[in-house]
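Chain naming here is simple, since letters A, B, ... match the order of the sequence lines and numbering starts at 1 in each. Nothing here was measured: the structure is a model prediction, and the numbers come from that model.
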Amino acid sequence: MTVRVRFAPSPTGYLHIGAARSALFNWLFARQMGGKFLLRIEDTDLQRSTDESTRSILEGLEWLELNHDEELVFQSANAPKHRAAAERLVAEGKAYRDFTPKEQRDDKNVKQGIADRARSQAAEGLDQRSNPYRDLPREEAERRAAAGEPFAVRLKVAGEGRTRFEDIVYGTQERSYAEIEDLVLLRSDGHPLYNLSVVIDDIEMGITHVIRGQDHLTNTHKQILIYEALGARIPQFAHLPLILAPNKSKLSKRKHGEVVSLTTYRDRGFIPDAFVNFLVLLGWSPDTTQYAAGLVGNDQEVQPNLDPNNEIYSREELKHLFSLDRIHKSNAVFNFTENDPRHWTDDKALWMNAEYIRTMPLVELLPMVKAELRANKLWREEYEEDDRDWFEKAVELIRHRFFTLKDFSAQGRAYFSDDFDFDDTAVARNLKKEPRLKEWLPALATRLETVEPFDAAAVEAALREYADELGVKAGLFINASRTMLTGQAVGPSMFEVFEIMGKDRSVERLRSGVPWFDSASV
RNA sequence: GGCGCAUUGGUGUAGUUGGUUAACACGCUGCCCUCUCAAGGCAGAGAUCACGGGUUCGAGUCCCGUAUGCGCUACCA
């Protein structure tokens with residue numbers, strides 16, 4: 001049977017990176033098995049669901065290139081089917097109408113309320129099957145319902161027995177019926193509840209493997225009960241460990257802000273493949289020994305990375321290497337430091353991104369740089385045509401010390417525009433420390449004007465010659481030039497920079513007195 | 001309260017059926033390279049494998065208990 005998996009987020013906020021990882025694992029599994037990856041928006045909770053969230057989820061998946069097969073499903077559209085299924089179960093005597101008035105729950109203290117209720121129930125020795133409406137004669141139930149009395153529909157869970165399933169990640173899971181209450185299928189206002197909806201939809205969509213967060217592990221027992229009542233085939237389950245905050249609490253938007261939102265990474269200049277690479281390693285690791293032994297993938301056109309000292313895996317490699325049984329059970333901590341711009345997200349993610357920026361094929365990087373420059377009004381069409389060569393060389397030159405795509409428009413700005421800022425510390429350290437540079441630099445400019453061809457080697461010779469004549473270290477000029485030409489204290493080898501900037505711009509910037517009169521000094 | 005799941009250096013992980021100095025990646029420190037900063041190269045610090053028992057000639061690996069964390073327990077998803 002073909003594998004069919006789904007990612008089923010509820011649109012009650014941005015796309016959480018933990019959810020994004022679930023989507024990734026589903027996608028990887030589907031692509032590896034030649035199966036289908038489906039997408040379903042679980043907008044059952046109409047109060048909290050928003051179109052904006054749906055859009056953000058779609059955008060996030062698109063950014064990660066986790067394209068789905070078949071039509072997008074909105075769970076709310078299936079509500080009639082969910083209701084019909086519940087009614088069928090009532091008709092078959094597998095579920096019943098509960099006329100108990102709805103309890104008002106304070107949204108804030110739900111957990112506390114649950115614990116309190118459980119405690120008092122335990123004290124009174126109440127069992128889960130004590131609902132007075134459970135065995136109400138059918139006629140009476142029909143009559144009261146027809147009279148318009150509100151009721152919820154509950155599943156009639158058997159008194160004796162246990163549910164059992166093999167979780168691909170967590171192994172055998174068992175639970176006694178005695179621990180499961182008669183769960184509500186339909187609210188008294190007629191709305192289907194989560195556990196019912198997922199099951200019906202998963203059946204409807206022909207899902208063979210349910211891969212989702214570990215927070216659903218114990219709910220799975222309830223869902224199995226519904227599958228059984230419906231007489232449907234039960235899919236395979238694989239639950240994923242959770243991604244936690246540095247203090248091991250749940251990662252949440254309210255507490256942790258934008259670090260948990262996937263679109264943040266797009267907006268802050270991450271490379272999709274780099275983020276995928278980082279994410280996949282949270283809770284999963286490849287079995288490189290199997291590959292080395294030639295047990296897997298020997299007939300593949302892709303030669304996966306076998307080096308255990310290297311964690312860079314391309315999407316193609318991951319499609320071959322991924323396996324559900326290498327997912328592990330313990331939760332992973334997503335490491336970041338709040339209020340520290342240098343460590344705003346996990347260091348490894350940042351490193352991974354930098355690694356991709358400096359090593360990925362240039363042709364794949366160029367369109368991303370283009371988009372970044374364009375967004376900052378730094379893009380010029382000539383880069384695509386006449387100056388294509390120059391553009392490629394410039395990107396190649398500067399990419400090696402960048403961490404995100406943003407750096408191309410920030411630190412890299414001076415390469416693409418004459419309107420750039422001077423870094424204060426760079427000006428102080430490389431220029432103002434030696435006041436005579438104010439005269440020397442224009443003089444250097446004059447020297448360079450005669451250099452032909454204006455390449456790295458020739459510029460270097462001219463600059464060193466001038467430094468020798470003045471009896472100062474070449475480094476003085478090199479660093480000063482770097483600041484004059486790029487506004488920065490750091491950057492690529494300076495002679496390469498001269499060459500890329502070209503004679504005209506180099507000379508002009510060396511002569512410009514701008515940084516000398518800038519704000520910091522006056 | 002009940003039930004479930006987990007626990008290897010700061011973080012992510014490796015560690016096949018128990019067997020010599022617990023491996024790798026990120027981060028950190030130092031050195032080399034050098035015009036700066038990275039990258040790269042080299043070296044290094046950092047783990048009594050949550051704790052306590054037990055089985056065994058021998059346990060990170062098996063068993064029991066404890067602790068801690070997380071999850072579920074809802075007419076939320």
Report yes or no: is there a donor-acceptor pair, N or O only, under 3.5 Å between the side chain of [X] and the base of [N]?
{"X": "Arg175(A)", "N": "C3(B)", "value": "no"}
{"X": "Lys329(A)", "N": "A6(B)", "value": "no"}
{"X": "Glu179(A)", "N": "G4(B)", "value": "no"}
{"X": "Arg482(A)", "N": "C35(B)", "value": "yes"}
{"X": "Asn219(A)", "N": "A77(B)", "value": "yes"}

- Are the aromatic ring centres of Tyr177(A) and His221(A) under 6.0 angstrom apart?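 No, the ring of Tyr177(A) stays outside the 6.0 Å limit from the ring of His221(A), centre to centre.
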- Item | Ring-ring centroid check Tyr170(A) His328(A), cutoff 6.0 Å | no
[X] side chain N/O closer than 4.0 Å to the phosphate oxygens (OP1, OP2) of [N]?
{"X": "Arg48(A)", "N": "A77(B)", "result": "no"}
{"X": "Thr218(A)", "N": "U73(B)", "result": "no"}
{"X": "Arg187(A)", "N": "C76(B)", "result": "yes"}

- Item | Test: Arg154(A) cationic atom under 6.0 Å from Tyr96(A) six-membered ring centre, within 45° of axis |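 Output no; distance or angle outside limits.
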- Using the closest heavy atom to pick a nucleotide of RNA chain B for each, name whichever of Trp351(A) or Glu174(A) lands nearer the 5' end.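 Per heavy-atom nearest nucleotide, the more 5' residue is Glu174(A).
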Take atom [atom1] in [N] and the same atom in [M], then report the distance between them in whole Å.
{"N": "C24(B)", "M": "U8(B)", "atom1": "C1'", "answer": "13 Å"}
{"N": "G27(B)", "M": "G65(B)", "atom1": "C1'", "answer": "37 Å"}
{"N": "A23(B)", "M": "C49(B)", "atom1": "C1'", "answer": "13 Å"}

- Query: If you look at every strand shown and take non-hydrogen atoms under 4.0 Å, does Gly283(A) touch a base, only sugar-phosphate, or nothing?
  - Reply: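 If one applies the 4.0 Å heavy-atom cut-off, Gly283(A) turns out to touch the sugar-phosphate alone, with no base involved.
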- Message: Using the side-chain heavy atoms of Lys248(A), tell me which of these nucleotides is nearest: G69(B), C72(B), C75(B).
- Response: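 Selected nucleotide (nearest to the side chain): G69(B).
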